[in-house]
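Data block below; observations after.
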Amino acid sequence: LAITQVIRRESGHLKRLRATPLPMSTYVLATVTSILGVFALQMLVTLGLGLGLYDASGPKRPLDLAFLVVYGGLAFAGLGFGAAALIRSSEGASAVVNLAVLPMAFLSGSFGPTRNYPDVLQAVSDVLPLTYFNRLLERAYLDDLSVFTDVRSLTVVAAWGLGGYLLAWRMFGWSPRER
């Protein structure tokens, strides 16, 4: 999302879109809806592959998992819009996003446990939204626990998402930036 928005802004697409009668809120809502659709499709394909090819068990709480698809999609879309507000050029967008996403994925436990990480890395992990989102996913998929009982994780993910939306609201420009 961040990369796409920066490319659209820097190529002038968003500036031209602003000149149309389409409200910008409709554009943002359509973009987020598109992201949610892709996220849901990715989740279904991943679940299907796990169930079909690896004989994995299904989620213990499928409705909670469905809720998390929407909840996480909305929150991380906010982070994408916030990142797009900070990224200055389309040439560097991919590098900046990957510089943030890849370390976050490793530090948050997406690829394995983090309990043996040094204290400084665990401290960084403790503030990342993906750490808390992963905890929520574990509750819904593996532990048969309601995600609604982990208010702290829900709050941290929501706070990061809202922070991204607020940053975008304050700083995002619809016109290409001067070089």
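We count residues from 1, following the sequence as given.
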Within 6.0 Å of CZ in F106, more than 12 heavy atoms from elsewhere: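 Counting neighbours around CZ of F106, 12 or fewer heavy atoms of other residues, nucleotides or ligands fall under 6.0 Å, so no.
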Counting only heavy atoms from other residues, nucleotides and ligands, does the tally under 6.0 Å from CZ of F111 exceed 12?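 More than 12 heavy atoms, drawn from other residues, nucleotides or ligands, come within 6.0 Å of this atom.
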Less than 4.5 Å apart, side chain to side chain, heavy atoms only: is that true for [X] and [Y]?
X    : Y   : value
L17  : M24 : yes
T31  : Q5  : yes
V28  : F81 : yes
Y27  : L14 : yes
L47  : M43 : yes
L142 : K60 : no

Residue pair S153 / R139, side-chain donor-acceptor N/O under 3.5 Å: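 Absent: no donor and acceptor within the cut-off.
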For the residue pair T131 and D126, confirm or rule out a side-chain donor-acceptor distance under 3.5 Å.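 Side-chain D/A pair, T131 to D126: absent.
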Are the side chain of [X] and the backbone N or O of [Y] linked by a donor-acceptor pair below 3.5 Å?
X    : Y    : result
D150 : L136 : no
N134 : S108 : yes
S125 : L121 : no
E138 : D143 : no
W160 : G78  : no

Take L137 and L65 through the side-chain contact (heavy atoms from CB on, under 4.5 Å) test and state the conclusion after the steps. CA-CA 7 Å; L137 287 172; L65 187 64; 3.7 Å; yes
Classify the ring geometry between F76 and F133 as parallel (under 30°), tilted (30 to 60°) or perpendicular (over 60°).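 Perpendicular: the ring planes of F76 and F133 meet at over 60°.
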If every non-hydrogen atom of P176 is compared with every non-hydrogen atom of K15, which pair is closest and at what distance?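 Looks like CD-CD, 4.2 Å.
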Hydrophobic cluster membership, V32 vs L1, 4.5 Å side-chain cutoff: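 Looking at the clustering, L1 is in the same group as V32.
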Find out if a path of hydrophobic residues (ILVMFWY) with successive side-chain heavy-atom gaps under 4.5 Å connects V147 to F39.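 Yes; tracing contacts between hydrophobic side chains, which count when under 4.5 Å, links both residues.
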